Number of protein chains: 2
Amino acid sequence: MQDVDAGGCGTPVPGAHPRPDGRDRYTISEVVSLSGLSAHTLRWYERIGLLGEVERSHTGQRRFTNRDLDWLSLVGKLRLTGMPVAEMVRYAELVREGDHTVGERLEFLVAAREDVRGRIAELQGALEVLECKVSAHAAAVAESH
Amino acid sequence: MQDVDAGGCGTPVPGAHPRPDGRDRYTISEVVSLSGLSAHTLRWYERIGLLGEVERSHTGQRRFTNRDLDWLSLVGKLRLTGMPVAEMVRYAELVREGDHTVGERLEFLVAAREDVRGRIAELQGALEVLECKVSAHAAAVAESH
DNA sequence: TACGGAGCTCGAGTGCACTCCAAGCAAGGG
DNA sequence: CCCTTGCTTGGAGTGCACTCGAGCTCCGTA
């Protein structure tokens, strides 16, 4: 089965470090450079349940998988939208609960999408104001030769 | 002289309480319902210099002016963009310093504008991912008849 | 065998933006 | 005169999302 939450929608971001393919086990420091998050933050994400049990090496060190990386990329997107971490944790729990939560997850995603649309509209309002202020100040600067 | 920072760019927001015109002195509770900010927050804004000395009644109560309301509306826009309060305070200081800071203010506004544009782009990236996830989950829900 | 470097856990600390509290004053109504 | 309502102050508290520190283990190289 193809989990509907893993991969499939990630933009292979131009700015970010590319993921070396053919591998599926990454140390925490590799994930730090791949994700841009700090090691502390990654461990914290796991503690609060935003990341689900990460696999371990025989000595107890974390070994992140490509699936973890996909999940982190989604989390990054949601974080950009300003979604509180607690909500993302709730979503992570739904994913862990299995396929029968897919309807609830759909609701969550739709709500998040509407939220983002609203936020974009807000920002566009702010942008208009800023553009107006910029013109006014540029004119004032020009006027004072 | 027409201060380039007062009014002129405010969208008369459809959702917000309209400002009763013909008046220029508002109590703190009037500003609470006009701005949506709490009284605590308004006093705190004044304390940290985000609002400049607010006029007082003979008994020491604050009397906000239309100019204060205009400023608060700009602050609200900037807050929506995620700008830290400290930066807005810096801008407020530039405004208080007078006309000779108009160039610096222009720089500030241009930077803020670029910031907002970048943030909109980020959100649009997140929106795409969300739309993709929504389709995938909608399909999964439909498939499970 | 010694050492540097990466990783581990648990718990405490930080910075931001509020948010609340206690104690007190002023005006108006009963 | 008392009570309520609305406002004042300074300072303490809250919630969020990290962020850091102490003290430990484990591994590879000299």
Side-chain angles (χ1 to χ4, degrees), chain A residues 23 25-65 68 71-72 74-93 112 115 119 122 126, chain B residues 23 25-65 68 71-72 74-93 112 115 119 122 126:
Chain A
R23 284 216 294 132
R25 288 171 71 79
Y26 306 86
T27 65
I28 200 164
S29 62
E30 285 168 329
V31 178
V32 164
S33 44
L34 255 23
S35 71
L37 297 164
S38 76
H40 281 302
T41 300
L42 289 168
R43 288 191 278 254
W44 179 66
Y45 277 5
E46 188 185 2
R47 259 213 311 286
I48 64 174
L50 186 50
L51 207 44
E53 296 279 286
V54 175
E55 285 174 37
R56 301 300 177 113
S57 73
H58 69 106
T59 59
Q61 297 193 353
R62 287 174 183 79
R63 291 297 176 256
F64 294 82
T65 62
D68 292 327
W71 176 255
L72 283 173
L74 174 61
V75 165
K77 296 289 180 189
L78 293 179
R79 212 168 41 106
L80 281 181
T81 72
M83 177 182 293
V85 166
E87 259 181 75
M88 293 191 250
V89 170
R90 174 75 195 122
Y91 183 72
E93 282 163 359
D115 204 272
R119 200 168 243 68
E122 280 176 353
Chain B
R23 286 217 290 135
R25 289 171 72 78
Y26 306 86
T27 65
I28 200 165
S29 62
E30 286 169 326
V31 178
V32 165
S33 44
L34 254 24
S35 70
L37 297 165
S38 75
H40 284 303
T41 301
L42 288 167
R43 289 191 277 255
W44 178 66
Y45 277 5
E46 187 184 2
R47 260 214 310 286
I48 64 173
L50 185 50
L51 208 45
E53 296 279 285
V54 175
E55 287 175 36
R56 301 300 178 115
S57 72
H58 69 106
T59 59
Q61 297 193 352
R62 287 174 183 79
R63 291 296 177 259
F64 294 82
T65 62
D68 292 327
W71 176 255
L72 283 174
L74 175 61
V75 164
K77 296 287 180 191
L78 294 179
R79 211 167 42 106
L80 282 180
T81 72
M83 177 181 294
V85 166
E87 258 181 75
M88 292 191 251
V89 170
R90 174 74 194 121
Y91 184 72
E93 281 163 0
D115 204 273
R119 199 166 243 72
E122 280 176 352

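None of the values given here were measured: they were computed from a predicted structure. Letters A, B, ... mirror the listed sequences (proteins, then strands); counts begin at 1.
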| request: Would you name the heavy atoms of A/A112 and A/M83 that are closest together and state the gap between them? | output: CB-CE, 3.8 Å

| query | Which residues within residues 80-90 of chain B lie with some heavy atom under 4.0 Å of an atom in DNA chain C? | reply | B/P84, B/V85

| Contact class for A/R63 vs. all strands (heavy atom < 4.0 Å): base, sugar-phosphate, or nothing? | nothing

| Taking only residues two or more places apart in sequence, or in another chain, which ones meet B/R25 in a side-chain hydrogen bond (donor to acceptor under 3.5 Å, both in side chains)? | B/E55

| Which of residues 39-47 of chain A sit near DNA chain D, with a heavy atom under 4.0 Å from it? | A/H40, A/T41, A/W44, A/Y45

| said: Using every non-hydrogen atom in the two residues, find where A/V89 and A/G49 come nearest and quote the distance to one decimal. | reply: CG1-O, 4.3 Å

| message | At a heavy-atom distance below 4.0 Å, what parts of residues 49-56 of chain B sit against DNA chain D? | response | B/R56

| Between A/H58 and D/dC27, is there a side-chain N or O to OP1/OP2 distance below 4.0 Å? | yes

| Which atom names give the shortest non-hydrogen contact between A/W71 and A/L51, and what distance separates them? | CD1-CD1, 3.5 Å

| remark: chain B reaches DNA chain C, atoms under 4.0 Å from its heavy atoms, from C/dA17 to C/dA27

| message | One pair to check against side-chain contact (heavy atoms from CB on, under 4.5 Å): B/T27 and B/R63. What are the steps and the verdict? | response | CA-CA 5 Å; B/T27 65; B/R63 291 296 177 259; 3.7 Å; yes

| request: Please name all residues satisfying side-chain hydrogen bond (donor to acceptor under 3.5 Å, both in side chains) with B/R47, sequence neighbours left out, ordered by chain then number. | output: none

